[in-house]
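Report on one structure; see the data block that follows.
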Amino acid sequence: MKNDSRGRLSHEAVGRRKRLPQNAERVAFQGERGAFSEEAARKLLPSAITLLPCARFEDVFRSVKKGRATGAVIPIENTLAGSVHENYDHLQNFELPIVAEISVRIVHNLIAAKDVKFAAIRRVYSHPVALNQCLNFFAENPQIERVPFYDTAGSVKMIAEKKLGDAAAIASAVAAEIYGARILRKSIEDDRQNFTRFFLLRSPRLVRKTGMQTAGVDQTQWKTSLVFTTRNVPGGLFRALAAFALRDLNLTKIESRPLRGKPWEYLFYLDFLGRADSPAARNALSHLREQADFLRILGCYPQGA
């Protein structure tokens, strides 16, 4: 199997391989090596794993759906930037069960190629979200231009490979290590309470085979995620949510997304504390099915740290 210079499996080699070895763990994520999604993957699956970087979120989901990966790690929301709406849509479309979650503290570092000094920096590349989370740094350094790039770790890879003498990137410390770059300034984000919540997804076949066991996670509190639609009538959403309030089930998240093909109608994504197979949850879900036109459980998993 073909590897690149850092041991990463190439997309071409992975695509040619039709069968995964027994008990192999190959995890897809969006971005280059050193992305925050890789950090989340290593925390969710601390045992040895093979990483499959993908260019787009859709490629991540498709890799699991087609068997090129056994799992996927995706960001679903950030405490500052909000939800990753595209991934809510993919959860609905690809039907890959959520089996675990984790929150990762996002630390943005200013990173440059070796031997480049801070005084020489005139441009900084990174994902637009990362750039916008470091506005105080740019206000204090008006000589530095912000340049949007497709990926945080990818921006480090680019400046290191091109050996840019007047440019830097904003990314994780792991990205600096992977690409042989150096950190010029640590933790330049505006808000230290910057966390991203990630989901670990599996194929339905693997979940059926292994059940709801989650490697490396020992939690007594569980979450259930689901998506539903309600009739477009007065009080429709109120009656749907009453199914949980009447049974003292705590809702931790609700998100609406446009329902394609039905303008001004919506899908509702919802998280509640509890296992889907508990008596209270079973009664609430039965009640909700009476109110909803459509209902799907997206996953039941231990509540992440």
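Hydrogens, waters and symmetry mates play no part in the numbers below; they use all other heavy atoms, side chains included.
Side-chain contact between Y88 and V227 is absent, with no heavy atoms from C-beta onward closer than 4.5 Å.
Between the side chains of S225 and Y301, at least one donor N or O sits under 3.5 Å from an acceptor N or O. Judged by distance alone, the side chains of T229 and K262 never bring a donor and an acceptor atom under 3.5 Å apart. For the residue pair E255/S83, the side-chain donor-acceptor check at 3.5 Å is satisfied. Counting only N and O atoms by type, the side chains of Q92 and R257 include no donor and acceptor under 3.5 Å apart.
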Test side chain to side chain contact (heavy atoms under 4.5 Å, CB included) applied to I183 and L110, step by step: CA-CA 6 Å; I183 297 176; L110 185 72; over 6 Å; no
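The aromatic rings of F268 and Y266 sit tilted, their planes meeting at an angle between 30° and 60°.
Counting only distance, with no hydrogens or angles, the side chain of R205 and the backbone of R202 share no donor-acceptor pair below 3.5 Å. The closest donor-acceptor contact from the side chain of R247 to the backbone of A242 lies at 3.5 Å or more, if one exists at all. Judged by distance alone, with hydrogens and angles left aside, the side-chain atoms of Q30 form a donor-acceptor pair with the main-chain N or O of A55 at under 3.5 Å. The closest donor-acceptor contact from the side chain of D190 to the backbone of L135 lies under 3.5 Å. Of the possible polar contacts, one joining the T70 side chain to the R26 backbone as a donor-acceptor pair under 3.5 Å is found. Side chain of D191 to main chain of Q193: a donor-acceptor pair is present (N/O by atom type, distance under 3.5 Å, no hydrogens or angles).
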Could you go through residues 146-154 and list every donor-acceptor pair under 3.5 Å that involves a side-chain atom there, pairing it with any protein atom two or more places apart or in another chain?
unit_1, atom_1, unit_2, atom_2, d
Y150, OH, E32, OE2, 2.7
D151, OD2, E32, N, 3.0
D151, OD2, A153, N, 3.4
D151, OD2, G154, N, 2.8

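E145 and R122 are not joined by a salt bridge, as no carboxylate oxygen comes within less than 4.0 angstrom of a charged side-chain nitrogen. With respect to the salt-bridge test (charged N to carboxylate O, under 4.0 angstrom), the residues E95 and K65 do not qualify. In this structure, R56 pairs ionically with D59, as a charged nitrogen and a carboxylate oxygen lie closer than 4.0 Å.
Distance check: I74 CD1 to N87 CG gives 4.0 Å after rounding to the nearest 0.5 Å.
In the hydrophobic cluster analysis, where Ile, Leu, Val, Met, Phe, Trp and Tyr join through side-chain heavy atoms closer than 4.5 angstrom, I159 is grouped apart from I178.
For the residue pair R197 and K223, the shortest heavy atom distance occurs at NH2-NZ, 3.6 Å. Taking both residues in full, the closest heavy atoms of T224 and C300 are given as OG1-SG, 3.6 Å, listed atom of the first, atom of the second, then distance.
Considering H127, E189, H108 as possible partners of Q133, the one that fulfils the side-chain hydrogen bond (donor to acceptor under 3.5 Å, both in side chains) test is H108.
Atom CZ of R260 is surrounded by 12 or fewer heavy atoms from other residues, nucleotides or ligands within 6.0 Å. More than 12 heavy atoms of other residues, nucleotides or ligands sit less than 6.0 Å from atom CZ of F294.
Residues satisfying the ring pair (Phe, Tyr, Trp, His ring centres under 6.0 Å) test with F244, not counting sequence neighbours, are F272.
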